[in-house]
Amino acid sequence: MSDESVPTPGTDEFVKGLWRENPVFVQVLGMCPALAVSNTARNALAMGLATLFVLVGSNLVVSSLRHFVPRQVRIATYILVIATFVTVVDYAIQAISLDLHKALGAFISLIVVNCLILGRAEAFASRNHVGTALLDALGMGTGFVLALLSLGAVREILGSGSLFGVPLFHEGFQGWVVMILPAGGFFTLAGWLLLFNWLRERRATRLAALEPVGATGGGR
Amino acid sequence: MSHAPTGTLEIRTSPHVLSGYSVDTIMFNVVLALLPASAFAVWAFGWTALLTLATAVAACLATERVAGRLSGGGSTLADGSAAIAGLLYGLTLPPGLPLWMVAVGGVFGLGVGKALFGGLGMNPFNPALVGRAFVQAAFPVPMTTWVPAFAPERFAALPPSTLTPPFTAPVYDAVTGATPLALWKFERVTVSASDAAMGFIAGSTGETCAVLILLGGAYLVARNMMSWRIPVAIFASVALLSGALHALGPDVCPPPLFMLFSGGLALGAVFMATDMVSSPMTGRACVAYGVVIGVLTVVIRVWGGLPEGVMYAILFGNALTPHLDRWLQPRVYGTRAEAGS
């Protein structure tokens, strides 16, 4: 049990969202914002942070109310809680940058129906302590931010030759217009999924190759 | 296979009747059929066309090789299908397109359009057109800038755009022309149908000379290596629909002969739509598939935002192929057609 590679339960609630159960690359949840507003790294980061905030807020409230909400009306309650936080985010983004608000458009309001947030509320926050729910929300939210950033970065670098608006290449760079268009979102997501699935499969194959040796060694 | 000893019953699964053609014989003959059009392309556009075709083929072959390695399926270069896809893809590109863009489309077409679906025989869409569609979406401006045909210095110098370094936007010299379809779309000017048929027009590398393409198609049909129904259905539906629209007024739609010989219709109908993997199998389905492509081509050319629509029409037809094959299955021999169907 003292093995360092086994994380404590608390850490694991946080870490699982980053890689092992990453909301975008493993669970393939929240595709609507992931594909629609990841055309630049800035939009992707903003959308990721907004979702992270809503996720943390709603997970906290849902988890602390879990003994008071009747089962029959739980979904409606969750939506109400989530919508409250989305409204906060909506106004906050308007106050910070109107340009960003225009770029993200309806997708801010659509965080309400992001299945990632509802999924965490239903599957995790409503069954766990406030502390664990907070860690889970932070992990999942950070995983979502990282995923959106990796989509947005690829699309912006290829599509406009810049990252966060800073030009990366020489004068006369030829942008790949398709990467900024919706089709580019699908291509990029597919590319990342391909890479991650390949890595996971390779890891599983290696573990499987190691196992019989370890098993026989242990048996003798 | 050796004959079974006399007295025993030999049982085999279908197919029982073999044409004797293998993948590589057919592919070799397709190359043969494409040679006149490719040679004309080099003659009309000069070294840049040759470089475009060579790069397209090389990119497709390299992708096929790498994909074969990665999937552990061994080398599939020998059957020639990747080379054909590359040649066809190169023929659809505008001459003077930067070679790095040519390579990008080739890698995408073979990698995403074919290898990811499982390789030869598995691709739902024509890989050459997948590659071209990607390049068209990624680099719309270079894909619609046309080097004029029969430029006097075409064998002396390359257009400056051809050797653009990777990831750099090409620079064109002042002499770029418009294709006949673009001329009609934006200025309502038509060139003569005979010029379009003989290829004395601007256009994609291999699409300009309709006569040589039809010649290649006729050869394949004569060798029974291509379904004649698909091109005939496409040409007939384009001619009928554009004839009807032209009768409404010359501003609505150009004359049918112009529609038949301009743009990529001949190349698309003869060599792209008839790709054995992504086209239907049964006779009736082939006709329906051709009609869908022909009608869509006219619709896109007349009412769409782009001057040319053959590529999207064929890709759409590819998407319909499995459904057409299911809906239009031939009656099983010896059964009666059900009443009402």
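- For A/W176 and A/F187, the gap between ring centers reaches or exceeds 6.0 Å.
- In this structure, chain B has no heavy atom under 4.5 Å from any part of A/F169.
- Both the backbone and the side chain of B/P170 come within contact range of chain A, each with at least one heavy atom under 4.5 Å from a heavy atom of that chain.
- The aromatic ring centroids of A/F196 and A/W19 lie less than 6.0 Å from each other.
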Next on the checklist: With salt bridge (Lys or Arg N to Asp or Glu O under 4.0 Å) as the criterion, how do B/K114 and B/E64 come out once you've worked through the C-alpha distance, each side chain's angles and the decisive distance to 0.1 Å?
Outcome noted: CA-CA 9 Å; B/K114 186 176 168 192; B/E64 179 91 356; 3.4 Å; yes

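- Listed for the A/E13 side chain is no donor-acceptor partner under 3.5 Å among the backbone atoms of A/A133.
- The part of B/V104 that comes within reach of chain A is its side chain, from C-beta onward, which places non-hydrogen atoms under 4.5 angstrom from that chain.
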